Protein chains: 2
Amino acid sequence: MADGARRATMTTVARALGVSPSTVSNAYNRPDQLSADLRARVLATAARLGYAGPDPVARTLRHGRTGAIGLVYDEPLSFSFTDPAAVLCLRGVAAACERHAVGLTLVPRLPAGAPDLVGTALVDGLVLYCLPADDDRLRVARERGLPVVAVDSPRPPLAPAVTVDDRGGARAAARHLLDLGHRRVAVVAERLAADGWEGTAPRARQDANPYDGTRERLAGYRDAWEAAGLDWDAVRVEERAPYGRDAGRRAARDLLADRPTAVLAMSDELALGVLDAAAARGLRVPGDLSVVGFDDTPSAAAAGLTTVAQPHLEKGAAAARLLLDLPGGAAAPPPLPTRLVVRTSTAAS
Amino acid sequence: MADGARRATMTTVARALGVSPSTVSNAYNRPDQLSADLRARVLATAARLGYAGPDPVARTLRHGRTGAIGLVYDEPLSFSFTDPAAVLCLRGVAAACERHAVGLTLVPRLPAGAPDLVGTALVDGLVLYCLPADDDRLRVARERGLPVVAVDSPRPPLAPAVTVDDRGGARAAARHLLDLGHRRVAVVAERLAADGWEGTAPRARQDANPYDGTRERLAGYRDAWEAAGLDWDAVRVEERAPYGRDAGRRAARDLLADRPTAVLAMSDELALGVLDAAAARGLRVPGDLSVVGFDDTPSAAAAGLTTVAQPHLEKGAAAARLLLDLPGGAAAPPPLPTRLVVRTSTAAS
DNA sequence: CCTAGCATCTGCAACGTTTCAGAAGCGCCC
DNA sequence: GGGCGCTTCTGAAACGTTGCAGATGCTAGG
């Protein structure tokens with residue numbers, strides 16, 4: 001009601017009522033510390049003066065707890081949420097935050113040069129999503145003394161993390177194709193470094209991939225390959241950036257000239273791009289070409305894609321819980337399981 | 001390096017170096033206020049003591065700016081991000097935040113009874129997404145003196161808002177069906193109140209809908225209907241909750257018993273559910289049934305759905321800009337345009 | 001040689017809370 | 001009537017910054 005020159009504060013209310021600020025504070029935080037009558041009068045005066053309760057920032061300074069955790073993505077936010085898998089993980093994190101009555105702050109990535117927001121975000125901890133192993137933001141968070149949990153990448157010992165059995169899942173995907181008799185197989189990969197490079201990734205690049213999650217996936221494919229006594233270096237790994245369905249389309253356009261009988265796509269979005277490209281080329285799936293994805297997103301399911309399922313929601317939720325349950329920072333849990341889901345995009349060679 | 005009993009602070013560093021705290025502060029915030037040499041020494045000592053720079057919370061208290069805006073949804077976060085339209089809007093908001101180098105805090109909705117986080121979130125302003133006109137959180141934000149911008153609902157004069165021409169879009173959708181000769185048309189609606197009710201919504205309920213955006217959509221359908229001289233109250237408006245594709249399926253399952261020739265779905269997710277139900281019933285679209293959606297989401301496009309496009313990204317970005325550009329709170333911009341996109345889910349009756 | 005001006009640095013007072021060790025008043029019991 | 005314990009309230013000291021009005025010393029100009 002009364003909107004003075006300056007917004008009302010605890011002291012304002014205290015003075016108006018002739019009591020001490022501590023009393024006003026108690027009225028809000030410890031009702032048992034003052035008589036019901038006085039408390040009512042405090043609240044009434046507060047209402048009259050337009051005082052909306054203790055200032056959250058000052059309270060935070062005092063308490064040392066912001067009541068929010070942060071979520072950091074490798075790419076700009078508006079791009080990250082283009083990826084259905086990232087959104088699923090976000091939902092998991094959000095669900096855990098809701099359960100703990102804690103805010104979730106998306107920490108934007110700024111254009112290079114700008115002072116990083118990871119250094120100044122008002123959070124009690126950070127979930128890092130798919131950051132490369134050597135990312136600066138991990139270091140900055142550490143320096144601030146913020147608890148950190150990584151998802152997908154980087155993995156321990158670089159950072160405490162919630163991991164998924166990417167390697168096992170990828171191995172199962174590759175073995176599935178091998179079991180179906182495929183030998184001329186190509187891989188469609190998302191970025192294996194943050195340099196925006198595109199092309200057929202040589203072995204050195206595959207191994208130097210700083211994104212731990214996808215490096216594991218590639219390693220899983222290779223496991224299966226070598227277990228079958230085949231030469232992994234003969235497999236074409238076609239890398240495209242930036243990430244997305246279009247990347248899959250473009251990779252496949254080039255790849256299909258080799259007439260592979262099957263494609264291992266490192267994610268469902270890429271795989272859906274491959275399906276597009278195949279259709280454009282008049283190839284039937286799975287008759288002429290088998291395709292396997294990774295992630296098991298809803299649109300992959302709708303498209304009948306054979307893929308590797310991982311528990312996206314649980315992954316995000318586990319990361320948030322790790323931050324929220326044990327403030328000290330808990331030990332990393334065992335890898336979450338992956339599972340091959342066979343649908344209609346794969347058939348015998 | 002040195003990890004004392006307590007984390008280093010500005011005063012710690014100052015004392016260690018025998019200078020005043022102000023000097024340390026200046027070393028970080030106003031390099032021109034001290035000699036390059038001293039500054040270097042300050043930074044070095046800070047590094048040695050493991051001081052990571054000014055504490056964001058204290059800085060915030062001093063400055064009165066948190067450097068983040070909040071985003072509030074009507075439903076729990078993990079549910080909201082189930083809606084592709086909500087994610088698109090989120091992307092728009094996030095993009096604007098990135099451009100302004102500002103964090104984006106998702107403010108969870110807590111189970112009833114818990115103290116609302118809108119009252120304590122560390123933000124400089126709030127974007128309210130699809131809140132009912134009488135939502136408490138709008139009031140709480142106001143009391144805190146936080147700038148607020150609503151998206152979709154509530155609309156001015158209840159709150160400054162970014163609005164979309166929902167009514168015009170809906171009108172175009174309905175007219176499209178009328179032009180194709182459809183007269184036996186039914187509507188599939190999302191929740192028209194927060195009570196979880198399901199059924200055929202009577203006129204009173206349609207008009208009392210506290211969600212301004214969807215009320216406008218219904219009004220748009222009715223506009224077209226009445227302009228054609230038809231009786232709106234004869235149109236069955238089938239409401240389902242909670243929101244989602246399954247809601248569309250269930251509504252359609254009941255609705256199709258009436259043998260309508262067309263369905264107006266108030267969103268694409270609902271429309272996709274209607275397509276499912278139609279397929280399950282053996283109805284061909286658009287041969288036996290025409291379906292129009294609203295939103296123009298990617299999966300709607302993929303499904304060939306005729307729908308009403310709205311600029312989701314721009315909607316979110318505009319809301320954030322309104323909060324960030326003019327701290328005082330700018331005037332609401334004119335409604336953003338909608339556009340009927342005719343695809344293959346509609347045909348002559 | 002005096003002074004104005006500049007470059008550097010310092011102290012103090014906020015910013016708005018919360019906490020904690022009391023103090024004051026009062027009733028009760030032995 | 002003295003001591004004890006309880007309830008209710010107060011004062012002062014943090015929490016970690018930053019802005020502002022100086023203080024200090026040094027240089028250049030007259």
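In this text the structure is predicted, and so the values were computed from the model without any measurement. In what follows, every chain begins at residue 1, and chains take the letters A, B, ... in the order their sequences are listed.
Set against dT17(D), dG16(C), dT10(D), the side chain of L61(A) has dG16(C) as its closest nucleotide. For Q33(A), the listed nucleotide lying nearest its side chain is dC9(D); candidates were dC9(D), dT17(D), dG16(C). Of all nucleotides listed (dC9(C), dG16(C), dG11(C)), dG11(C) comes nearest to the side chain of S22(B).
Between E98(B) and R91(B), none of the side-chain N atoms (NZ, or NE/NH1/NH2) sits under 4.0 Å from a carboxylate O, so this pair counts as no salt bridge. Using a cutoff of 4.0 Å between basic side-chain nitrogens and carboxylate oxygens, R109(A) and D135(A) are not scored as salt-bridged.
In terms of phosphate contacts, Y28(A) brings no side-chain nitrogen or oxygen within less than 4.0 Å of OP1 or OP2 of dG16(C). Dashed line: the shortest gap from a side-chain N or O of T9(A) to OP1 or OP2 of dC15(C) is not under 4.0 Å. Taking 4.0 angstrom as the limit, R30(A) places a side-chain polar atom (N or O) nearer than this to OP1 or OP2 of dT19(C). Residue R59(B) places at least one side-chain N or O closer than 4.0 Å to OP1 or OP2 of dT18(D). Note on T11(A): every side-chain N or O is 4.0 Å or more away from OP1 and OP2 of dT17(C). Between S35(B) and dC9(C) there is a side-chain polar atom (N or O) within less than 4.0 angstrom of OP1 or OP2. For S20(A) and dG11(D), the shortest distance from a side-chain N or O to OP1 or OP2 is not below 4.0 Å.
Residues R144(A) and V123(A) share a closest heavy-atom pair of NH2-O, 4.3 Å. Nearest heavy atom pair, residue P156(A) against residue A161(A), reads CD-CB, 3.7 Å.
F79(B) places none of its side-chain heavy atoms less than 4.5 Å from the side chain of Y73(B). Looking at R39(B) and Q33(B), their side chains never come closer than 4.5 Å, going by heavy atoms from C-beta outward.
With rounding to whole Å, D32(A) atom CG is found 14 Å from dT18(C) atom P. Atom CG of L122(A) and atom P of dT17(D) are 13 Å apart (whole Å). Between the CG atom of L38(A) and the P atom of dT7(D) there is a distance of 16 Å, rounded to whole Å. Atom CG in N26(A) sits roughly 13 Å away from atom P in dT17(C) (whole-Å rounding). For R62(B) and dT17(C), the CZ to P distance is 16 Å, given to the nearest whole Å. Note: CG (D37(B)) to C1' (dA7(C)) measures 14 Å, nearest angstrom. Between L17(B) atom CG and dT8(C) atom C1' the separation is 14 Å, expressed in whole Å. The distance from atom CZ of R7(A) to atom P of dC15(C) is 15 Å, rounded to the nearest whole Å.
Comparing A58(B) and L34(B) along DNA chain C, the residue whose closest nucleotide (by nearest heavy atom) sits nearer the 5' end is L34(B).
Residue V57(A) is classed as having no contact, given no heavy-atom separation below 4.0 Å to the nucleic acid. When heavy atoms are screened at a 4.0 angstrom cut-off, R39(B) is found touching no nucleic acid atom at all.
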